[in-house]
Amino acid sequence: MSIPSFGLGTFRLTGQTVIDSVKAALKLGYRAIDTAQVYKNEAEVGQAIAESGVPRGELFITTKIWVDNYAHDKLQDSLKESLKKLRTDYVDLLLIHWPAPGNGVDLPAYMAALAEVKKAGLTRQIGVSNFNIALTEQAIEVVGKGEIATNQIELSPYLQNSKLAAYLEAQGITITSYMTLAYGKVLKDPVLTEIATKHKATVAQVALAWALQLGYAVIPSSTKRENLASNLLARSLKLDDQDMARIATLERNGREVSPPGLAPDWD
């Protein structure tokens, strides 16, 4: 099994807003939806999917276990609650949301619990999110090589994370890029704007195409149907070697998300 290269993110979308976004995206042809327990929108995502009429077998649903549920006696029950909200018997991908060092549950325990719910058929694949190299290595030791389907990490032209990306690629772990537009900061970048003009594309399409060409999966979100449709066009935008080289120079370690107590020591 593999990770779809293009999906819909739902971070910060709640209530009717997320219902409308998911339904519009599914109508446009999106088939991968990314949510998380802490987003507090799994029930709305489930409602939108049910009302869309798209068969479950065509969808790829990802959710993430929140740090409060890492303990062995909580993880499976919390997942079952997520499944109830999502109106499905299984998710396609289940991630540990943050490594959260020092939260009282050590990595071997929660990775073993993650592997158990896969064996129970509650998720098709398992993975991690926001793990550095050392923690990914530890996770592989617990669940075995080839079991970690993805590491979902913050990546953008301003945070290219090349050391971690190279490690994950060497391990055969798919990289899922979130915050690919850096909260919209890259949309005003002069280099990306020049490249977009050259290709008669939007800057968002250029940033997403950059990630896709590096082999990453992307999960941009939007509340506007026109932006959802526009983002999809990044799949057919082909940047040339010069474009990719110019974007490589934009690295500035511009991390947007690093919550104390949850984040690792970044590579």
Side-chain angles (χ1 to χ4, degrees), residues 1-3 9 11 34 36-38 62-76 78-79 91 93-119 123-180 182 210-211 214-219 248 250-267:
M1 295 182 70
S2 61
I3 307 295
F11 176 54
D34 181 276
Q37 292 176 340
V38 78
T62 300
T63 196
K64 310 176 196 80
I65 300 290
W66 187 239
V67 295
D68 296 343
N69 300 320
Y70 286 1
H72 185 270
D73 60 346
K74 289 183 179 179
L75 191 145
Q76 183 160 314
S78 79
L79 175 55
V91 286
L93 177 62
L94 184 67
L95 307 179
I96 292 294
H97 204 150
W98 287 91
N103 83 326
V105 184
D106 62 14
L107 182 150
Y110 63 66
M111 289 307 301
L114 195 67
E116 275 185 30
V117 295
K118 181 185 175 186
K119 277 184 187 166
T123 181
R124 298 280 174 87
Q125 300 185 80
I126 57 173
V128 296
S129 183
N130 302 299
F131 276 39
N132 62 13
I133 292 172
L135 293 173
T136 306
E137 285 178 339
Q138 290 175 41
I140 292 169
E141 282 176 22
V142 176
V143 300
K145 198 165 173 63
E147 282 297 302
I148 306 285
T150 193
N151 187 358
Q152 187 177 119
I153 55 176
E154 183 185 346
L155 274 171
S156 76
Y158 290 169
L159 179 70
Q160 299 187 21
N161 238 323
S162 53
K163 186 178 176 185
L164 176 56
Y167 166 78
L168 294 171
E169 285 166 2
Q171 294 297 317
I173 296 172
T174 298
I175 295 163
T176 302
S177 162
Y178 74 83
M179 297 280 184
T180 316
W210 162 80
L214 289 172
Y216 309 156
V218 295
I219 45 170
L250 299 179
E251 169 68 272
R252 58 175 73 167
N253 198 30
R255 189 176 298 282
E256 301 292 333
V257 184
S258 189
L262 298 181
D265 294 326
W266 300 107
D267 296 302

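For the numbers below, each heavy atom of this structure counts, side chains included, while hydrogens, waters and symmetry mates do not. All values reported here derive from a predicted model rather than from experimental measurement.
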Legend entry - Value rounded to 0.5 Å, distance of CD in Gln37 from NZ in Lys64: 10.0 Å
Inset, instruction - Determine whether more than 12 heavy atoms belonging to other residues, nucleotides or ligands lie under 6.0 Å from atom NZ of Lys74. - result: no
Inset, instruction - Looking only at non-hydrogen atoms, find the nearest pair between Gln125 and Ser2 and report the distance. - result: NE2-O, 3.6 Å
Legend entry - Exam field: side chain Asn132 to backbone Leu135, donor-acceptor pair closer than 3.5 Å: yes
Inset, instruction - Would you mind reporting whether Ile173 and Ile140 have side-chain heavy atoms less than 4.5 Å apart? - result: yes
Legend entry - Side chain to side chain, Ile133 and Leu168, heavy atoms closer than 4.5 Å: no
Legend entry - Heavy-atom pair with the smallest gap, counting every atom of Leu95 and Ser129: CD1-CB, 4.4 Å
Legend entry - From OH (Tyr216) to CD (Glu169), nearest 0.5 Å: 5.5 Å
Legend entry - side chain to side chain contact (heavy atoms under 4.5 Å, CB included) assessment of Met179 paired with Val257: CA-CA 9 Å; Met179 297 280 184; Val257 184; 3.4 Å; yes
Inset, instruction - Please confirm whether the backbone N or O of Ala211 pairs with a side-chain atom of Ser177, one donor and one acceptor, at under 3.5 Å? - result: no
In residues 99-112, what donor-acceptor pairs under 3.5 Å come from side-chain atoms, sequence neighbours left out?
from, atom 1, to, atom 2, distance (Å)
Asn103, OD1, Val105, N, 3.1
Asn103, ND2, Val67, O, 3.4
Asp106, OD1, Ala109, N, 3.2
Tyr110, OH, Pro99, O, 3.1

Inset, instruction - Apply side chain to side chain contact (heavy atoms under 4.5 Å, CB included) to the pair Thr136 and Tyr167, showing each step before the final yes or no. - result: CA-CA 10 Å; Thr136 306; Tyr167 166 78; 3.8 Å; yes
Inset, instruction - Supply the atom-to-atom distance Leu159 CG to Trp266 CH2, rounded to the nearest 0.5 angstrom. - result: 8.5 Å
Legend entry - Side-chain touch Pro157/Trp210, heavy atoms, less than 4.5 angstrom: yes
Inset, instruction - Please report the closest heavy-atom contact between His97 and Asn130, naming both atoms and the distance. - result: O-ND2, 2.9 Å
Inset, instruction - Measure from the side-chain N and O atoms of Glu154 to the backbone N and O of Glu256, and report whether any donor-acceptor pair falls under 3.5 Å. - result: yes
Legend entry - Nearest-0.5 Å distance that lies between atom OH in Tyr70 and atom CD1 in Ile65: 8.5 Å
Inset, instruction - List the steps, then state whether side chain to side chain contact (heavy atoms under 4.5 Å, CB included) holds for Val128 with Ile148. - result: CA-CA 7 Å; Val128 296; Ile148 306 285; 4.3 Å; yes
Inset, instruction - State, to 0.1 Å, how close Trp98 and Pro259 come at their nearest heavy-atom pair, and which atoms those are. - result: CH2-CD, 3.3 Å
Inset, instruction - Report the residues that fulfil side-chain hydrogen bond (donor to acceptor under 3.5 Å, both in side chains) with Ser156, sequence neighbours left out, ordered by chain and then residue number. - result: none
Legend entry - CG on Leu94 to CG on Leu114, rounded to 0.5 Å: 5.0 Å
Legend entry - Close side-chain approach of Ile175 to Gln152, heavy-atom, < 4.5 Å: no
Legend entry - Considering all heavy atoms, the nearest Leu93-Ala149 contact: CD1-CB, 4.1 Å
Inset, instruction - Kindly indicate, with the supporting measurements, whether the criterion side chain to side chain contact (heavy atoms under 4.5 Å, CB included) is fulfilled by Asn161 and Arg255. - result: CA-CA 10 Å; Asn161 238 323; Arg255 189 176 298 282; 4.0 Å; yes
Legend entry - Side-chain donor or acceptor of Asn69 paired with backbone N/O of Leu75 under 3.5 Å: no
Legend entry - Minimum-distance pair of heavy atoms, taken over all atoms of Glu251 and Gln160: OE2-N, 2.8 Å
Legend entry - Thr174 side, atom OG1; Ile3 side, atom CD1 - distance, nearest 0.5 Å: 5.5 Å
Inset, instruction - Please list, chain by chain and in numerical order, all residues satisfying side-chain hydrogen bond (donor to acceptor under 3.5 Å, both in side chains) with Thr62, sequence neighbours excluded. - result: none
